[in-house]
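Structure, as structure tokens:
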Amino acid sequence: MRIGIVCYPTFGGSGVVATELGLELSKRGHEIHFITYSQPVRLELLSNNVHYHEVTVPEYPLFLYQPYELALSSKLVDMVKLHKIEVLHVHYAIPHAYAAYMAKKMLQEEGIYVPIVTTLHGTDITLVGSHPFYKPAVTFSINKSDAVTSVSQSLKEDTLRLFDIKKDINVVPNFIDLVKYEHNFTDCKRGMMANIDEKIITHISNFREVKQIPDVIKIFYNIQKEIPAKLMMVGEGPEREPAERLCEKLGISDKVIFFGNSNEIDKILCFSDLFLLPSLTESFGLSALEAMASGVPVISSNTGGIPEVNEHGFSGFLSEVNAIDDMSKNALYILKDEKRLAEFKANAKQVSKRFDLHQIVPQYEAIYEDTLKKCLIL
Ligand code: GMT
């Protein structure tokens with residue numbers, strides 16, 4: 001199949017999932033066309049059947065806001081025609097589903113029919129999309145998609161609660177390439193980051209308010225009061241600077257390393273003992289799954305789709321949002337006992353196997369085939 005994938009090319013989970021999906025589909029013989037404004041960060045290699053087409057928005061001084069949706073829909077029209085793309089899979093409703101619908105209508109005028117599959121990722125529904133300024137357009141583009149998927153049951157329920165949706169929503173959970181996290185590098189270079197007696201705690205995110213970064217720091221503060229520990233903070237975003245200031249204020253700056261964005265998540269997780277994800281809301285929590293696949297237990301909030309990924313008392317623990325003391329207590333419970341830590345690590349790895357990409361990617365293939373068939377009948 002020739003599949004066009006539209007996504008955000010940045011370090012966010014939706015872009016990562018879209019990129020990994022495209023790469024796996026290409027291995028399964030499909031021709032993949034990524035269409036976005038810069039090369040997706042995890043898309044390192046282009047090949048015969050993996051292509052990248054850049055959407056450029058010419059700057060014009062009259063516009064206070066440059067019209068990205070317009071440029072994207074025009075690019076989609078051109079690419080569908082040029083590469084005979086059969087299905088467009090757009091990740092993140094805003095503005096991708098909207099632009100894809102416009103492209104579809106333009107193509108129809110020329111007798112070309114291309115179905116649109118929209119995958120909802122979370123903030124496009126729970127934070128941004130439900131804002132009254134966007135809601136009518138988001139509702140419209142979801143309803144006009146030929147197939148809609150969401151990355152968790154919880155996100156499906158949120159979508160049905162927040163929008164007037166007339167389409168079926170298929171839950172296709174996020175997935176992971178387990179082989180990537182097999183740690184074939186036997187020495188994780190742990191000694192570079194911490195002393196032998198120190199436990200390594202990790203947080204990875206885009207450092208936005210929703211991630212509750214101050215909670216991450218405060219939980220770590222409580223942990224390091226009781227046991228020797230270091231905190232790895234991976235990612236970039238508006239909450240990074242305040243987080244650095246909070247560490248200074250608490251006198252723990254020498255125990256916290258801020259990495260910025262990294263393409264070596266697997267290596268960082270390789271030497272981690274515990275992962276913190278105390279988010280306000282989270283449709284899935286891909287970073288938690290990546291941690292679990294690396295054998296790192298997760299201390300998280302009990303919100304959105306996280307309980308579908310992190311199993312309470314088995315792969316880690318879930319607490320109410322902002323329950324810093326409870327999360328600290330649970331973290332120490334795991335970290336203080338070596339045998340227990342080893343058990344939780346093994347459990348985390350075991351749970352992550354449910355999200356093996358070999359199980360999940362065929363679900364997307366089935367959806368493409370189904371929508372294509374329906375499109376041909378119409
Ligand atoms: O978490 C973010 O702010 C980034 C966002 C994105 O669109 O990349 O992540 C969302 O999609 C991920 C991939 O499906 C999910 O794992 C995240 O849970 C979800 N984030 C939120 O719901 C806050």
Side-chain angles (χ1 to χ4, degrees), residues 5-22 24 34 36-38 40-43 89-97 117-131 134 138 148-159 161-162 169-177 203-213 215-216 233-240 261 265 275-293 298 300-310 318 321 352 354-355 357 360-361 363-364:
I5 294 186
V6 181
C7 63
Y8 282 105
T10 50
F11 277 92
S14 63
V16 169
V17 169
T19 308
E20 303 282 359
L21 173 64
E24 180 57 22
F34 287 98
T36 179
Y37 59 80
S38 71
V41 287
R42 289 218 187 158
L43 183 63
H89 187 175
V90 301
H91 290 260
Y92 210 90
I94 307 169
H96 300 151
V117 177
T118 298
T119 291
L120 309 172
H121 276 275
T123 44
D124 48 350
I125 295 303
T126 52
L127 293 183
V128 195
S130 54
H131 191 286
Y134 294 121
V138 174
V148 182
T149 77
S150 80
V151 299
S152 63
Q153 181 61 30
S154 144
L155 181 60
K156 174 176 174 171
E157 284 159 20
D158 284 341
T159 311
R161 183 172 45 81
L162 293 166
I169 300 179
N170 295 285
V171 177
V172 182
N174 286 335
F175 54 84
I176 191 123
D177 183 356
H203 171 78
I204 304 172
S205 77
N206 55 12
F207 284 58
R208 303 209 169 258
E209 214 181 316
V210 68
K211 303 295 171 182
Q212 303 286 282
I213 300 296
D215 286 12
V216 174
M233 296 290 276
V234 187
E236 278 297 343
E239 293 292 307
R240 177 180 164 161
N261 284 330
I265 298 297
F275 190 79
L276 300 180
L277 192 66
S279 307
L280 193 60
T281 173
E282 201 71 63
S283 70
F284 183 90
L286 184 67
S287 58
L289 176 59
E290 290 183 330
M292 286 160 59
V298 174
S300 67
S301 44
N302 186 10
T303 181
I306 302 181
E308 294 171 49
V309 183
N310 184 21
L318 299 150
V321 172
S352 74
R354 284 187 212 143
F355 301 92
L357 94 170
I360 313 285
V361 173
Q363 297 181 31
Y364 280 119

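When a ligand or atom number is given, it counts from 1 through the structure's own listing order.
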Geometry only, no angles: is [X] polar-contacting ligand 1 at N/O separations under 3.5 Å?
| X | value |
| --- | --- |
| Gly13 | yes |
| Leu286 | yes |
| Gly285 | yes |
| Tyr92 | no |
| Phe284 | yes |
| Ser14 | yes |

Give the residue, atom name and distance (to 0.1 Å) of the protein heavy atom nearest [atom].
| atom | value |
| --- | --- |
| atom 5 (C) of ligand 1 | Thr123 OG1, 4.1 Å |
| atom 15 (C) of ligand 1 | Ser283 OG, 3.7 Å |
| atom 1 (O) of ligand 1 | Lys211 NZ, 2.7 Å |
| atom 11 (O) of ligand 1 | His121 O, 3.2 Å |
| atom 3 (O) of ligand 1 | Asn206 ND2, 2.8 Å |
| atom 18 (O) of ligand 1 | Glu282 OE2, 2.7 Å |

TODO: Sort out for me which residue in Asn174, Thr149, Asn170 forms a side-chain hydrogen bond (donor to acceptor under 3.5 Å, both in side chains) with Thr119.
DONE: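 Option passing the side-chain hydrogen bond (donor to acceptor under 3.5 Å, both in side chains) with Thr119: Thr149.
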Is a side-chain N or O of [X] found less than 3.5 angstrom from the main chain of [Y], in a donor-acceptor match?
| X | Y | result |
| --- | --- | --- |
| Lys156 | Ile169 | yes |
| Thr36 | Cys7 | yes |
| Ser152 | Phe284 | no |

TODO: Inspect the contact between Arg161 and Glu157 and indicate whether a charged nitrogen and a carboxylate oxygen are less than 4.0 angstrom apart.
DONE: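 The answer is no: the pair does not qualify as a salt bridge.
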Open item on the list: Counting neighbours of CD on Gln363 that are heavy atoms of other residues, nucleotides or ligands and sit closer than 6.0 Å, is the number greater than 12?
Closed with: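 More than 12 heavy atoms, drawn from other residues, nucleotides or ligands, come within 6.0 Å of this atom.
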- [ ] Could you label the plane-to-plane angle of the Tyr37 and Tyr8 rings as parallel, tilted or perpendicular, counting under 30° as parallel and over 60° as perpendicular?
- [x]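 Correct class here is perpendicular.
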Open item on the list: Classify the ring geometry of His89 against Tyr364: parallel below 30°, tilted from 30° to 60°, perpendicular beyond 60°.
Closed with: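 Ring orientation of His89 relative to Tyr364: tilted.
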- [ ] Please state which part of Val16 comes within less than 4.0 Å of ligand 1, counting heavy atoms only: side chain, backbone, both or neither.
- [x]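 Answer for Val16: neither.
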Task: For Asn174, atoms of ligand 1 separated by under 4.0 Å from a heavy atom - done: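 Close to Asn174: 13 (C), 14 (O), 16 (O).
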Task: Ile360 versus Arg354, closest heavy-atom pair with distance - done: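 For Ile360 and Arg354, the tightest heavy-atom pair comes out as CD1-O, 4.3 Å.
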